[in-house]
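Remarks on the structure that follows.
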Amino acid sequence: MLIYGKAVSADTRAQLKIKVADFEKKYGRKPCLAVIIVGEDPASQTYVRNKIAGCAEVGMKSLHYEYAAGTPQAEIEKTVKDLAADDTVDGILVQLPLPKGYDEKSLLELIPDEKDVDGFSPTNLGLLAMNRPRTISCTPFGVMKMLATTGVDLKGKNAVVIGRSNTVGKPMAMLLLNADCTVTVCHSKTENLAEITSKADILVAAIGRPKFVTADMVKDGAIVIDVGINRVDGKLVGDVDFENVEKKASFITPVPGGVGPMTITMLLANTLQAALAKAEK
Ligand code: GUN
């Protein structure tokens, strides 16, 4: 069975739209997300366009800052600092990856934890590690919502995450652990990868290599979540060899239309949560 992020996403966005309207009625302003992009990477440009469009869809305000690659870091830092000090801005997102030559860490550090709607800050990631989540990284958060739609009880299940990035793999592993799964994190140096993945009841692929997960690596009846978005000959392809793995999986997410749309929806949810936390303080 397919888990369509698009459908889950549409439901969640409809609910968000109502909550955003309530927020505006109560506080006299719209929740506001500021998005910063540096450089011309086409994939990043598309993601940012979709984030801005998502804001409009649920009735939120968005601010869009676009800088050419090569813009001095200090200029972008000034924008982040101004947005950090602006009470009408609830969330700040710097689209990653930044072009070569930028210091990502020092730029992201300027985003206050309260406005870190990506959930990337050391505090937000640390709170998740301690099972006291505040802002949860959007892609893994979306995956958990999609898993919930299967109705499968995650407790005690073997979950394997392929990928150990701070933005997806690690928070994904922590969320699954917090949901009482037994979690294994695999990565590029993992030995006997197929042996480990073929024991997974839940397999999350976040590697960034097209069709990396093949049917022989998957247990019969597994839930397979494909976080990969790879461009091959102009087409979007996931990290999972969908045609063959689909035959073995009990549930699987397609690419496109799977995890991708959920990521932006969770970003919108995080922005509303940040706006409410500030307004209710
Ligand atoms: N680049 C790819 N995905 C993301 C994301 O979720 N947030 C940010 N800031 N950059 C990204």
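In each ligand, atom 1 is the first atom listed, and ligand 1 is the first ligand listed. All residue numbers refer to positions in the sequence shown, counting from 1.
Contacts of K235 classified as salt bridge (Lys or Arg N to Asp or Glu O under 4.0 Å), with partners at least two apart in sequence or in another chain: none. E24 is linked by a salt bridge (Lys or Arg N to Asp or Glu O under 4.0 Å) to K30, counting only residues two or more places apart in sequence or in another chain.
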Tabulating one pair per line, provide the atom names and distances (0.1 Å) for every N/O atom of ligand 1 that is less than 3.5 Å from a protein N/O atom.
from: ligand 1; atom 1: 1 (N); to: Q95; atom 2: NE2; distance (Å): 3.1
from: ligand 1; atom 1: 1 (N); to: L96; atom 2: O; distance (Å): 2.8
from: ligand 1; atom 1: 7 (N); to: D118; atom 2: OD1; distance (Å): 3.0
from: ligand 1; atom 1: 7 (N); to: D118; atom 2: OD2; distance (Å): 3.4
from: ligand 1; atom 1: 9 (N); to: V94; atom 2: O; distance (Å): 2.8
from: ligand 1; atom 1: 9 (N); to: D118; atom 2: OD2; distance (Å): 2.6
from: ligand 1; atom 1: 10 (N); to: L96; atom 2: N; distance (Å): 3.0

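Other residues sharing the hydrophobic cluster of I52, ordered by chain and number and joined by side-chain separations under 4.5 Å: L33, V35, I37, V48, L93, V117, L267.
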- [ ] Go through V255 and V237 one step at a time and tell me if the side chain to side chain contact (heavy atoms under 4.5 Å, CB included) criterion holds.
- [x] CA-CA 6 Å; V255 176; V237 180; 6.0 Å; no

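Heavy-atom contacts from other residues, nucleotides or ligands closer than 6.0 Å to NZ of K51 number more than 12.
Side-chain contact between N158 and T184 is absent, with no heavy atoms from C-beta onward closer than 4.5 Å.
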